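Structure, as structure tokens:
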Amino acid sequence: VGSEMCIRDRDHTNNIDIKETIDLVLENAQGLKSSTSFDITIVDDAPSTTGDTQFIVFEEQITNVIIILDASGSMAYDMSSSDDRSRMEVAIQAIKQLLEAYDDLGSVNVQLVSFSSTHSGSTNAHSNGWLNLADAKAWLDTASNVDPDGGTDYVLGLNSVINNFTAPQNGGKTYTYFISDGEPWSNQNKSDALAFEDDWEAFINANGITESYAIGMGNVPTEYLSIAAHANGVDTAVTLAYSADDLKDHLLSTIVVETTGHIFDGLLSNGSIIGADGGTFTSVTIDAQTYTLANAINGILVINLSLIHI
């Protein structure tokens, strides 16, 4: 004779096991009875995890980068008291590293502009259309052989981008980087720069440029740098770099690598369980950085790869 018994759901308190005594009475067709009892322990169910490896594949991405580089006389000065390389040399090296990092993700297309108040073709240069990585680096090598000269004319540099801009037709995101070591060179030029902010923002918005970064080399007044810092219809923060490492690290930190998917795909089928009580994933820790459900936006958790050692 077989028999089944169903025990109702029981909620555990503070993960303490529940003990139950079951009384059992058996009776046959002639009315003879026998009784007994036995104890059972209902163990609190709990999530269980096993080690596993998750592979995330990033698709190649196309990036369009516009560099606007100060070529005024002060860019020939030493980067710092402990670094006798010129600011121009340091900037060009960091820009090359930025472009190489973008190219490593798929491909990078580059437009370059240099500017100063001299109106000279050597310090106020621009690339013809979009360049690939090799041609962009060659353009920067040429710029590194030009002696910086004149004052800092923000309007001249930003206007050069607007006047020579060709919209990319590749579906990639576009970013601009404005790099300078000084404020506009005269009171009139300062006024002109502040008045030009609306024109620059209109250009950024009209051409679908994802973000315009502004970086100062040294103690540059942010009041003027901020005219070039813009994204998603709002002003953004500027960054001041006081060393070659500062500049390189900041430029590289702006690189965004995007992919979407379910980070837990396959993990539950490989030995990890949530448990019969039900539940959800509440957090995930990747390379000592913890992300919680509270960090998710519309169900998507953004993981910052710049904090992860790869």
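Start at 1 with the first residue, then count along the sequence. Predicted model only: the values in this text are computed from it and were never measured.
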- Mind listing the closest non-hydrogen atom pair of L158 and A228 along with its distance? CD2-CB, 4.4 Å
Donor-acceptor pairs are to be reported for all side-chain atoms of residues 231-238 against protein atoms at under 3.5 Å, with residues two or more places apart or in another chain.
residue : atom : partner : partner atom : Å
T236    : OG1  : H230    : N            : 3.3

- Note on the structure: A101 and I255 have their tightest heavy-atom pair at CB-CD1, 3.3 Å
- Message: Quick check: closest heavy atoms across S122 and A125, and the distance to 0.1 Å?
- Response: O-CB, 4.3 Å
- Item | Test log, rule side chain to side chain contact (heavy atoms under 4.5 Å, CB included), inputs F178 and D70 | CA-CA 8 Å; F178 182 91; D70 188 352; over 6 Å; no
- Nearest heavy-atom neighbours spanning S116 and L156: O-CD2, 2.9 Å
- Item | Stepwise side chain to side chain contact (heavy atoms under 4.5 Å, CB included) test for W130 and D135 | CA-CA 9 Å; W130 293 99; D135 290 341; over 6 Å; no
- Note on the structure: When rounded to the nearest 0.5 Å, the distance separating OG1 of T239 from CD1 of I179 is 11.0 Å
- Message: Can you confirm whether the side chains of D153 and S117 place a donor and an acceptor under 3.5 Å from each other?
- Response: no
- Message: Check this for me: does any side-chain nitrogen of one of K137 and E100 sit under 4.0 Å from a carboxylate oxygen of the other?
- Response: yes
- CD on Q111 to CG on N164, rounded to 0.5 Å: 8.0 Å
- Message: Would you say that E183 contacts E223 through its side chain, given a criterion of any heavy-atom pair below 4.5 Å between the two side chains?
- Response: no
- Message: Ring centroids only, cut at 6.0 angstrom: are F196 and F203 within range, meaning strictly under it?
- Response: no
- Message: Any heavy-atom pair between the side chains of V25 and D23 that's under 4.5 Å?
- Response: no
- Item | Aromatic plane relationship, Y175 with Y213 - under 30° parallel, 30 to 60° tilted, over 60° perpendicular | parallel
- Is N207 reaching over with its side chain to a backbone N or O of I209, donor-acceptor style, under 3.5 angstrom? no
Pairs under 3.5 angstrom only: tabulate donor-acceptor contacts from the side chains of residues 85-94 to other protein residues two or more places apart or in another chain.
residue : atom : partner : partner atom : Å
R85     : NE   : D83     : OD1          : 3.0
R85     : NE   : D83     : OD2          : 3.4
R85     : NH1  : Q93     : OE1          : 2.8
R85     : NH2  : D83     : OD2          : 2.8
S86     : OG   : E89     : N            : 2.9
R87     : NH1  : D181    : OD2          : 2.7

- Query: CG/L240 to OG1/T222 distance, rounded to the nearest 0.5 angstrom?
  - Reply: 6.5 Å
- Item | CD1-CG distance between I215 and L251, expressed to the nearest 0.5 angstrom | 5.5 Å
- Item | Flag if over 12 foreign heavy atoms under 6.0 Å of CD, E60 | no
- Above 12 or not: heavy atoms from other molecules or residues under 6.0 Å from CH2 of W185? no
- Note on the structure: Distance col, row N109:CG vs I62:CD1, nearest 0.5 angstrom, shows 7.0 Å
- How long is the span from the CG atom in L98 to the CG atom in L252, to the nearest 0.5 Å? 6.5 Å
- Between the side chains of S180 and T152, is a donor N or O closer than 3.5 angstrom to an acceptor N or O? no
- Task: Please step through side chain to side chain contact (heavy atoms under 4.5 Å, CB included) for the pair K96 and D141, ending with a clear verdict.
- Result: CA-CA 10 Å; K96 285 182 177 179; D141 287 339; 2.4 Å; yes
- With sequence neighbours excluded, tell me which residues meet side-chain contact (heavy atoms from CB on, under 4.5 Å) with A136. L99, V110, L112, L131
